[in-house]
Every structure is written in structure tokens, then in C-alpha cells.
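A quick write-up on the structure given underneath.
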Amino acid sequence: MSKFEFPPSIKSRPVWGTLEPRAGKHHLMIADAAGAEAILGIATPELMAGTHIIYIPRGADHADALRAQNPAQFYEGPTYAASVSRIRRVLQDASMGLQVYLTGTEGLMGQAMHEAMQAGIPHTAIQTEHRGSVARRMQCVHCKGITEDVETDPFVCSHCGLNLFVRDHYSRRLAAYQGVCIDAEDPGNVPEPKGIYE
Amino acid sequence: MSGAEKIAVRVTEVAPLNELVTRFRFEPVSGGLLPTFSGGAHTVVEMRDGDITRLNPYSLMSDPFDRSAYTISVRRDDEGRGGSKFMHTNVSVGDEMVISNPVNLFSLDLRATKHLMIAGGIGITPFLAQIKQLDRAHGNWELHYACRSEALGSYVDYLTTTHPNDVNIYYDDQSQAIDLDTLLDGQPLGTHIYVCGPKGMIDWVRAKAAEIGWPREAVHYEEFLAPQPGKPFEVKLAVSNKVIQVGEQESLLEAIERAGVDAPYLCRGGACGQCETDVVQAEGEIIHRDHWLEDSEKAGDAKIMPCVSRFEGKVLVLDR
Ligand code: FES
């Protein structure tokens, strides 16, 4: 599958990379949906022998292909929220030299990166690769509620119901982009929603 | 004027520690308080030796929160260009000197969950200040300190009596060596390494850490390069339109300053990047000695760090 080229943007917007195998005794790979393809792209028997994969399929059917690589440990989680306690546990027990690879949607990478940073890995040392949906995890700057998987701009806050404009302003701490009320001056004057990158 | 702001100080103590190392204490001439600093900072000491002025960086080793005085420890280097020898033989209690405000190129990363310090010889000095800083904040640290022999182990007694559980000493002459493989293996996530000592030690630690997958951002090091003497050479300064001669015993930066041209600097040891200067023309070989430029930049010969690097060849023109 071809990778989506994000248009150039402001500094705040994260820039995702391309996974590559790195030296290290232990490897933690966290992926959702199409992110599995990026893992399959770098998997070798030697690398997999030291790798713990945490995979959230979100409807995709790559779990068997990942399992077939014989990673040292494989965990399939129904949702990110259900997997986060496991991610924390792995990071808590890990030692320096652990390599972290995140791939899939921006929401998955952002949230897992926050966990890895909390555990003491500099964010610049964490590898990422975007795959699959370009939907965003958005925070409403007004009610602070998070709306997952936002595909259109503007969109309606799933918490307070305001019409929000999708910004590229990103918070690493929240792992979310900021959504700002688009019709505050002129309530009801809301442009027709379209795809974020249209 | 380039460099950090200057402070006039009086030498209030000269304490020889062993055959090679002497400690100096500076108090402000004005009687006021000195600026606070953070562990790992250095000061640049001006030495007036006849008509030569040397500016050498030394790590501050005193308590960063003690604003009444700074202390440094100087290891005598008989091979070098004489800065440390000057300190050992020409400086006595009561002398007035000029030092710079502290500059830190080797600060602690306070996000670290643990600070793993590795020192070789006189490289212990920045750690003395960092340990005082961390102790105040109840920081988690551990020191591994290699010295040549018991007789040359500066501050070993102080460290082992104040922190018996966190300090590990290795004497070369007793064939004790840091077991780096074991030391780096299994350190908790969030550990940062700090290494200060001879170049060989820094390279060894950095290479080992990289090999086993430590992020570059978690490995901090400091090595001040003393400018090395070398063949005299001529340089043209294009902006100031001057042709200057760099003597055998002086650095390019010192020669530029001697010609009355103000050139930027901070560390004078090839580490901070402040003195980076564009090369307009070079027919010959630039002898890059700094830690600042990338290897590709060094190969390109479009930039030079005048505090430590030299030139051999026909023509060198700098954008200064
Ligand atoms: S003055 Fe710091 S690199 Fe030259």
C-alpha cells in the first residue's frame, strides 16, 4: 500500500518517519491496523527474536501474518485503551537499549509515544511510520474532550457539540490536535465539512 | 567583546591536592555575590603571561548554589602550551584575575530517571558540582571514577566518605577497570550517561552505548580540547581586511584576537560551536580538531573552528 504524503505544515505538526531495524537487545513494536505492514517490511528472524509486538487490528486482518514472523512476544488488543496497561508494564520493566517502533494511525503513534516518553525515552529516539487512515485524534480546546478518528473539517465535538475547525497545532502531551470553534462569531455559519486534506 | 560577561575576582586559596592537581578559589573583588550556575558549567580564566593572554576553560567544581566563591581544579600539563603551568607557578593567594560568567555545555538532563556518571582523571571536576546539585534535589545518581593511582585520585576520599554507596573508584595501576558492558546492561529506562575524561574514554563509552542501542540524546560528554601547538601559518581575514600570522604556540582564535579583531567564542575548546567561521578560500589542508563540525563539514573545508583548528598550506582566507 502506498503511503500518504502529508502536506508540509507548521512546526507543531509531527513529522512521521520510516521504520528501520536498529541495534538493541529488546524491541517494542506497537501498531494498529495497516501499521502491521510497516512491521512486516522490516521483520527479520534475528530482529523478531528480541521483539515484543503489541497489535490493535481495528478490523484489519494482519494479525496472523505478524504472528507468523515468530516475535518473542505477541499481543493482540481489541482497542488502544485495552492495550495501554500492557504497554506501560512493558516499558516499566524495560532497560536502556530498548528500541521503540510505532506505526499505524497518528492517534496510536501519538498516544504510544507519550507513554514511551513518560518512561524516559527521548521522543527523538522513538521511531514512527504512518500507515493507514489519516483520521486525527482531536482535542476540543473549549471543553477539553477528545474526539477520536476525525476525518472531516470542520467536525462536531463528540462531547460539547460545538462545530470545530481542525488545526495542525499538536500537543505531544495530549497526543491530539487542537479543534477550535469555527462559528463562535456567527453561530450557525459553518462551512460544508470536507476531508481534512481535501 | 565576545565571550561570556567578565567578572573580576581575587584568588583566596591555592590548595595543591597532589603532584599534578591544584585547586583555586575565586571570590569577587567587588565583595558581592557571584552568579549561580548549574552543575557542569565552566568558566573561562584569563591568564596574563607577559604580553600573551591565554583564555582557558575550567569546569566549576564548587556548590552551584554557593555564590560566595567559585572553585576550579587545574591539572598541570607540561606538554601543553602553558596555561595550566601558568596557573600552577604564577598564581598565588591575593592575585586579581578575570574570569567569565559560567557557561554550561555539560548540563544534567533533569528529565532523566537516573544519572550515570563516568569520570576519568581530572574529568571528575564537573561531577563534583553536579553531585551537589543532585543531592539537593534528591536525584538518583551513581559515579564511576577511574584514576591513575591512589596518589593521583583527586577528591576520592571526599567522594567515598560522603557517598560511600554511590561512588565507585577504579585505579589503573591496580589494574582495575570499569566493566562497561555490565555497567550499561540493564540500566533502567530513562537513565542518562555523562562522561568526562580523556578522549579515549569518551569515545569508548559513546561507541559502546550506541552499539547496544542507547539513544544519542541520553549520552552526554564533555572534553575540552586544549589548542595544540603547530606550524605557524598565515591567514587573511576578509571582512576586516587584515593578514595575520598565527604563531606556533598560539591558536588561530588567539591570533585573530591579538590582531584586534573581535571574534565570537564561548568554550575555546572545540565544543560549543560559537566560534564557527566560514572559509572563503583554502589552498592547503585545514587541520580540524574540534568536536563541533560534522565529519562531512570537515571534509568540505567550508568551515573552521578557530579555537582549536589550524591550517597547513598556501592560502587561507576567512570570512571574519
Ligand atoms: S569557542 Fe567553542 S567551539 Fe570554538
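Naming: A, B, ... by sequence-line order, numbering from 1 per chain.
- In terms of non-hydrogen atom pairs under 4.5 Å with chain B, the most contact-rich of A116(A), P122(A), G24(A) is P122(A).
- Donor-acceptor pairing under 3.5 Å is lacking for the side chains of Q130(B) and H115(B).
- Looking at Y170(A) and E106(A), their side chains never bring a donor and an acceptor atom within 3.5 Å of each other.
- Other residues, nucleotides and ligands place more than 12 heavy atoms under 6.0 Å from the CZ atom of R136(B).
- In this model, no donor atom of one side chain and acceptor atom of the other lie less than 3.5 Å apart for Y80(A) and R58(A).
- Donor-acceptor pairing under 3.5 Å is lacking for the side chains of T51(A) and Y101(A).
- Among the residues in residues 180-209 of chain B, those with a non-hydrogen atom closer than 4.5 angstrom to a non-hydrogen atom of chain A are D185(B), G186(B), Q187(B), P188(B), L189(B), G190(B), T191(B).
- For L91(A), the parts sitting under 4.5 Å from any heavy atom of chain B are the backbone and the side chain alike.
- Note on K303(B) versus D319(B): no salt bridge recorded, every NZ/NE/NH1/NH2 to OD/OE distance being 4.0 Å or above.
- Under the 3.5 Å distance criterion, with hydrogens and angles disregarded, a donor-acceptor pair is assigned to the side chains of H144(B) and E142(B).
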